[in-house]
Amino acid sequence: MNFAVILSGGIGTRMQMGDFPKQYYKVNGKMILEYTLDKFEESRQVDAIVIVMAPVWRAQLEADLSAKYRKLIGFAEPGAIRQESILSGIQFCMERSDAAEDKVIIHDGVRPLVSCGLIGRCFDALSEYEACLPVIPATDTIYYSEDGKGVDKLLDRSKLFMGQSPETFYLHQYYKAHEGKSHAFLASMRGTTEIAYAAGMKICMIEGEALNFKITYPPDLARFRMILENQGEE
């Protein structure tokens, strides 16, 4: 079985919406989260969807989302940090997994323009690897600074890539990478795949998509609106 864990537990203070989580903000009458869920519902490679969501929002949205998305099998509570939210989601999947070869794809709820093609390519890569993440090349000159003020080194951008989600893993192997890890260790993880790298899993990078951006700041939301308008969304 191929599980999808959609992370929707954060608030996103950089969007300047106060305590209102950006993933529940409506654009053209539909939540950003719903645009994301639509793609995983549509993907032929996804069998089941789990949403990591705070209880207060689950109480408001569970009935409507469960009625709309037939692949949605339940909700997991978020943790204090991102990697603990991921762990909560994959624990939910583990409780429902019946095969060692089951896979999981993990995605940010606020990357609503992910394509079914990218989802499929992430799963396909697991035929040869134990984990996969999409990346896009660094396009700007990258400087390294010890103190954030002076330039200590100029990095070769041809060897630097920016990671995106969704990221795919063999579920049981990825879960095992979390076993026995402290809160401090999980808090030190800077990306979904880092813990897989720390566990020695064989990871591949595939080409990401420019439109698969994360809605983090107000200009990102404006860009999303513009793209929908150009696509004829109403």
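All values reported here derive from a predicted model rather than from experimental measurement.
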Would you say the side-chain atoms of [X] pair up with the backbone N or O of [Y], donor to acceptor, closer than 3.5 Å?
X: T168; Y: C122; value: yes
X: S145; Y: G150; value: yes
X: N2; Y: D47; value: no
X: S165; Y: E167; value: no
X: E84; Y: H183; value: no
X: K39; Y: C116; value: no
X: Q23; Y: S8; value: yes

Could you state whether [X] and [Y] fall into the same hydrophobic cluster, counting links through intermediate Ile, Leu, Val, Met, Phe, Trp or Tyr residues with side-chain heavy atoms under 4.5 angstrom apart?
X: F123; Y: M205; result: no
X: L221; Y: V114; result: yes
X: Y175; Y: F185; result: yes
X: V110; Y: M53; result: yes
X: F3; Y: I6; result: no

- Task: Begin with the C-alpha distance, continue with both residues' side-chain angles, and end with the deciding distance and a verdict on side-chain contact (heavy atoms from CB on, under 4.5 Å) for R96 and D102.
- Result: CA-CA 10 Å; R96 291 152 182 81; D102 284 349; over 6 Å; no

When you look at [atom1] of [X], are more than 12 heavy atoms from neighbouring residues, nucleotides or ligands closer to it than 6.0 Å?
X: K68; atom1: NZ; value: yes
X: R225; atom1: CZ; value: yes
X: E207; atom1: CD; value: no
X: Y24; atom1: OH; value: yes

- Message: Applying side-chain contact (heavy atoms from CB on, under 4.5 Å) to L133 and I203, what does each step give before you reach the verdict?
- Response: CA-CA 8 Å; L133 76 155; I203 303 165; 3.7 Å; yes

With heavy-atom distances below 4.5 Å as the criterion, would you say the side chains of [X] and [Y] are in contact?
X: L37; Y: K71; answer: no
X: F213; Y: I227; answer: yes
X: F169; Y: T192; answer: yes
X: V104; Y: I106; answer: yes
X: K176; Y: Q173; answer: no
X: V135; Y: I206; answer: no

- Thinking salt bridges, do K103 and E130 make one under a 4.0 Å N-O criterion?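 Between E130 and K103 there is no salt bridge, as every charged N stays at least 4.0 Å from the carboxylate O atoms.
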
- Hey, are E34 and K30 close enough for a salt bridge, meaning a charged N less than 4.0 Å from a carboxylate O?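 Answer for the salt bridge query: no.
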
Any donor-acceptor pair under 3.5 Å linking the side-chain atoms of [Y] with those of [X]?
X: S66; Y: D64; answer: no
X: S88; Y: E77; answer: no
X: N28; Y: E229; answer: no
X: D38; Y: Y69; answer: yes

Working to the nearest 0.5 angstrom, can you tell me the gap between [X] [atom1] and [Y] [atom2]?
X: S43; Y: I49; atom1: OG; atom2: CD1; value: 9.0 Å
X: W57; Y: E62; atom1: CH2; atom2: CD; value: 15.0 Å
X: M1; Y: L171; atom1: CE; atom2: CG; value: 11.0 Å
X: K22; Y: Y217; atom1: NZ; atom2: OH; value: 8.5 Å
X: E95; Y: I90; atom1: CD; atom2: CD1; value: 11.5 Å

Quick check: closest heavy atoms across [X] and [Y], and the distance to 0.1 Å?
X: P166; Y: I119; value: CG-CG1, 4.4 Å
X: I142; Y: R157; value: CG1-CB, 4.4 Å
X: H172; Y: S97; value: NE2-OG, 2.8 Å
X: F161; Y: S158; value: CZ-O, 4.0 Å
X: V52; Y: P78; value: CG1-CA, 3.6 Å
X: S115; Y: E209; value: OG-OE2, 2.8 Å

- Message: With side chain to side chain donor-acceptor pair (under 3.5 Å) as the criterion, how do Q83 and H178 come out once you've worked through the C-alpha distance, each side chain's angles and the decisive distance to 0.1 Å?
- Response: CA-CA 9 Å; Q83 201 63 39; H178 290 75; 2.9 Å; yes

- Item | Between F92 and F75, ring centroids under 6.0 Å |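 No, the ring of F92 stays outside the 6.0 Å limit from the ring of F75, centre to centre.
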
- Item | Verdict with reasoning, R111 to D108, per salt bridge (Lys or Arg N to Asp or Glu O under 4.0 Å) | CA-CA 6 Å; R111 288 184 187 266; D108 298 314; 3.1 Å; yes

- Query: Stepwise, does the side-chain contact (heavy atoms from CB on, under 4.5 Å) test hold for L61 with M31?
  - Reply: CA-CA 11 Å; L61 300 174; M31 292 184 296; 4.0 Å; yes

- Item | Derivation of the side-chain contact (heavy atoms from CB on, under 4.5 Å) call for E101 and L126 | CA-CA 10 Å; E101 64 271 19; L126 295 189; over 6 Å; no

